[in-house]
Amino acid sequence: MRRLAPAGPELTIDFEGKPLPAREGEPAACALLAAGESVFSRSIKYHRPRGPFCMAASCSNCLVRIDGVPNRFACQVPVRAGMHIERQNAYPSVRVDVFSSIDWLFPKGMDHHSMFAGVPVAEKVMATVARHLAGLGLLPDAPPPAPRPPERISVDVAIVGAGAAGLAAAEVLVAGGLSPLLLEQEDRVGGRLVLDAPEGAEAAAPVTPHGVQLRLGTTVLGLYDDELGRVLLAVQRDGEGPRVLLVQAGAILFAVGGHASPVPFENNDIPGVFSGRAAADLLRRRRLLVGEAPVVLGEGPLLLPLVRMFQGEGAAPPVVLHTGSGAAPAGTVQGAPVRAHGRTWVHGLSYREAGGRERRVECDAVVVSLPPSPAFELLRQAGVKIAFRPELHTFAPEVEPEGRTAAAGIWAAGDLVRPGGAVAAAESGRRAARGILHP
Amino acid sequence: MSKTVLCPCEDVTLEDVRHAIDKGYRDIESIKRYTGFGTGLCQGKTCLSAVARTLAERTGASAGAVLPFTPRPPLHPVEMSLLASVPVDETRPPVGGVPPAIQLGSHALRPAEPVPAQARVVIVGGGIMGLALAHNLAKLGCTDVVVLERGYLCAGASGRNGGGVRMQWGTAINVELARRSIDLMKQFAGEMGINVWLRQGGYLFLARSEAIAERLRANAELQNKVGVKTQILSPGEGRDVVPELTMKGVVLCAYHPDDGVIFPWPFLWGYAQSAQKRGVRVETFTTVTGFETSGGRVRAVETDRGRIACETVVIAAGAWSPEVARLAGVKLPNEPHRHEILSTEPLKPFLTPLVTVLDSGLYFSQSMRGEIVGGMGDPREPAGMNMGSTLRFLSRFSRALTEQIPQLGQIKVLRQWAGCYDVTPDNNPVLGRTPGLPNMLQMSGFVGHGFMMAPAVAERMAAWMVNETRDELFTRFDLDRFRTGRLERETMIIG
């Protein structure tokens, strides 16, 4: 992991008693990675090493204890001078974790339902041991400071997600005379436009249309329908501390994109394996190169742009493994990953070629690029039907072409509906916005 | 050691998922419950599609038969201190809830083959009651039994409760049933070959008013009389049991160290497998559509997979029992009442007993996995079938919990869900024969404590059915009591 350029003024954080340099504005995960810390914590059952994978709070691989509060997403919490970060679930240390023996004792995994079931003494011992090994993190010592009071917002239209689809929709709505509320989890707009979209290089400076009420750092947590009426629950986190937002809107457009999915191969969970989006985010926004000699694997329209992105930064041409069913694009190898090698950081990947022969390449990162898995959760809460799409290997919501759903006033656009490029996402955002303006 | 991990939050591997599918857990909700995938910090964002793909590839299931599990709010972990800041209008009843509909029966997952044409006993409802009864019937040699379940096993209240088991009750009969159940729970793993993780950390009741304190005192006296050594503690002594409690507003505690918590789901699987091994048919994703009656008897049960002629039918459908009984023209006095519940991020163990404030209906315990699992009744909750989740509950619960343990305000809620209490006018169950339809047996109305009573009740009910021995349980709690007014009220209901 190499910093390509200094990003922001330097400050110092405390990592388990050790001072580490960090750059103002970056999330804690970046500071740890840049300082060469590969293992953030140990996993809950087998105590396997864990480090960042998705960089979008969609997985749990980067959890750490920050300033006494357990299970914080290191990929989301901006560093602050003097911030105290600790690893979790490792004894006596993350390098020498005695409980990582569990991983070796159960090479095939364990079925905790049948293990020692009814075996007189063993059963009791197992229950006691399991109870003490369970859990991540510790009860904090003190209550939190009182949060700021909740803010109620009432608007004609709320848009969730300020990526290509959300921004394009906002533009159409503003042109139509509305002043939509735009909620974005990150601290900047653009989503994939600034990350791994094929068209990213041209569209790298997304703009928020004038007239939009933009809330950055705002995570939508639920769409409730109760005595408050239909309400979006969101939490806005900025320098003044977190607060709840309760948003009521005549129409809600979900443009939340998708989650990074794992590709099944052995050791696909070890540090050094990143989602394509995480690698792109680290590179473009944080100026961190995940590896000097990475393997990039996956399928879909984002695979090759990602490779080009690495090459554009002067990285060695990566080995590219195409896992899709179609013909392997030029410059890629058709094959299936079998096993990542390494314990606390990946240092090699074995894969099976189309002909069946197994090969191994040395590498210092594995980047998995798949089309995102639609983040349908909020739509499901609104009552929208979700169906499995075998051709995409993911679930997707049932949405009409113009973005309308079966739930009144609930619209959807972008990767959430069908993973595609930023151009297609923007077009679907505009269609949905026109539908909202002229129902 | 090499592992292929599909759910990194809970360390669920590809092998684990395949193992569950091969054991017969063939829908996503069941695979989730068996393997634990999707129950960690990310709540399935990472792994759900990968598991669905594995299921489709392993079973050849059509796309229409691969359904996602219900995503539980909140979408991301959120601190209880923030949830507690959401205003609630306590003067109004709660309404709504998400998702608006929970699909229990499913056309897509319904087996294609018809149900057996006849059976000696048909049990409607594959929850803890029905499955425990099937197991006990089969043990007594009555194996010609079919259990009908509309959804997957664990879809109803049996899969939605907090797993508390206690002997602190307000009537001798309930103390006796609970004590027997806990004894049976201790033997469960040995008999069934599946762990249920009974942890006897005790139940600590808190009273905040003199009236509730008096109730705890009187009930403790009754419990001690029948050999359950409940102790009455001052708030200070209660804090020796759980030092983190503020005891704000608390005037008295009742503590019984042998009460505890269990993990509900394996009970259903264990009972189902034991019954199936002995020849019982457990038919999931099968909906009862009617009953054929003539001459004052039920002759057959009609389902969406055909008709089953039977000698006896048992209604053990929990909060759905009134709906099912109505199909035969039988009116039950039960009413469903939603109860909401949530689970937090897992913490290293610190909380030994289940703590409950009897005045407000707040209860919480720490599961074997380290999560704080808890709920709270809402005095304004209207009757009616509703399994939606509300923001109001998150706020009310977070406020009540952090009042007792303020540092939990830093702890994040991972998911919330709801189930229905099956409430009767006297808080006691409906058991025994149906007036006018003597071969329709009732086994419902357990008001939120059916799970902990089921092992003992099912044992006695099977013996009563097979051996035709007299058992006062099935006259004491029969339907007729609501006509004659011979009611004894249970007062130790949480929520």
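Just so you know, these numbers use all the heavy atoms, side chains as well, and skip hydrogens, waters and symmetry mates. The sequence lines fix the lettering, A, B, ..., with proteins before strands; numbering per chain opens at 1.
Residues B:R58 and B:D22 are paired through a salt bridge, judged by an N-O separation under 4.0 Å between the basic side chain and the carboxylate. Of the charged side-chain nitrogens involved, at least one lies within less than 4.0 Å of a carboxylate oxygen, so that B:K412 and B:E345 count as a salt-bridged pair. Taking 4.0 Å as the cut-off between side-chain N and carboxylate O, A:D103 and A:R48 count as a salt-bridged pair. A salt bridge links B:R53 with B:E57: the distance from a Lys NZ or Arg NE/NH1/NH2 to an Asp or Glu carboxylate oxygen falls below 4.0 Å. Residues B:R396 and B:D378 are paired through a salt bridge, judged by an N-O separation under 4.0 Å between the basic side chain and the carboxylate.
Heavy atoms closer than 4.5 Å to chain B are found in both the backbone and the side chain of A:P262. For A:A375, no part lies under 4.5 angstrom from a heavy atom of chain B. Within the 4.5 angstrom heavy-atom criterion, atoms from both the backbone and the side chain of A:A130 approach chain B. With a 4.5 Å cut-off on non-hydrogen atoms, B:A52 touches chain A through its backbone and its side chain both. Proximity to chain A (any heavy atom under 4.5 Å) is shown, for B:R392, by both the backbone and the side chain. The parts of A:S58 that come within reach of chain B are both its backbone and its side chain, each placing non-hydrogen atoms under 4.5 angstrom from that chain. Both the backbone and the side chain of B:L48 come within contact range of chain A, judged by heavy atoms closer than 4.5 Å. Of the atoms belonging to A:F376, it is side-chain heavy atoms, and not backbone ones, that fall under 4.5 Å from chain B. A:L392 does not touch chain B: none of its heavy atoms, backbone or side chain, sits under 4.5 Å away. Heavy atoms closer than 4.5 Å to chain A are found in the backbone of B:S367, but not in its side chain. Residue B:E10 touches chain A through both its backbone and its side chain, counting heavy-atom pairs closer than 4.5 Å. With a 4.5 angstrom heavy-atom cutoff, A:E377 touches chain B via backbone and side-chain atoms both. Contacts between A:R230 and chain B at a heavy-atom distance below 4.5 Å are absent for every atom of the residue. At a 4.5 Å heavy-atom cutoff, the contact between B:I411 and chain A is made by side-chain atoms alone. At a 4.5 Å heavy-atom cutoff, the contact between B:Q366 and chain A is made by backbone and side-chain atoms alike. For A:R389, no part lies under 4.5 angstrom from a heavy atom of chain B. In this structure, chain B has no heavy atom under 4.5 Å from any part of A:R343. Only the side chain of B:P266 comes within contact range of chain A, judged by heavy atoms closer than 4.5 Å. For a residue to count as touching a neighbouring chain, one of its non-hydrogen atoms must lie under 4.5 Å from one of that chain's; by this rule B:W265 does not touch chain A. At a 4.5 Å heavy-atom cutoff, the contact between A:L136 and chain B is made by backbone and side-chain atoms alike. Contacts between B:Y34 and chain A at a heavy-atom distance below 4.5 Å involve backbone atoms as well as side-chain atoms. For chain A, the nearby part of B:H19 is the side chain; its heavy atoms alone come within less than 4.5 Å.
For the residue pair A:H393 / B:S49, no side-chain donor-acceptor distance below 3.5 Å is found, with atom types taken as modelled. A donor-acceptor pair shorter than 3.5 Å cannot be found between the side chains of B:E15 and B:T4. Judged by distance alone, the side chains of A:S41 and A:Q88 never bring a donor and an acceptor atom under 3.5 Å apart.
One finds the CH2 atom of B:W197 at 13.0 Å from the CZ atom of B:F267 (value rounded to the nearest 0.5 Å). Interatomic distance, B:T246 OG1 to B:Q404 CD, rounded to the nearest 0.5 Å: 4.0 Å.
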Is there a salt bridge (Lys or Arg N to Asp or Glu O under 4.0 Å) between B:R380 and B:E90? Walk through the geometry before answering.
CA-CA 8 Å; B:R380 297 204 161 264; B:E90 300 264 6; over 6 Å; no
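Side-chain atoms of B:R199 come within 3.5 Å of backbone N or O of B:T352 as a donor-acceptor pair. Remark: the backbone N or O of A:G137 is not paired with any side-chain donor or acceptor of A:R65 at under 3.5 angstrom. At least one donor-acceptor pair under 3.5 Å links the side chain of A:R42 to the backbone N or O of A:H47.
Taking B:G40, B:A63, B:G190, B:P71 one by one and counting their heavy-atom pairs under 4.5 Å with chain A, the maximum is reached by B:P71. Chosen from B:V95, B:V86, B:N195, B:L75, the residue pairing most often with chain A at heavy-atom distances under 4.5 Å is B:N195. Counting heavy-atom pairs closer than 4.5 Å to chain A, the top residue among B:L82, B:L6, B:T35, B:I194 is B:L82. Between chain A and the options B:P406, B:G96, B:P349, the largest number of non-hydrogen pairs under 4.5 Å is found for B:P349. Ranked by heavy-atom pairs under 4.5 Å with chain A, the list B:G36, B:G370, B:G193 is led by B:G193. Highest contact tally toward chain A, considering only B:A50, B:P8, B:P74, is held by B:P8 [criterion: heavy-atom pairs under 4.5 Å].
Remark: aromatic rings of A:Y91 and A:F99 are close, center separation under 6.0 Å.
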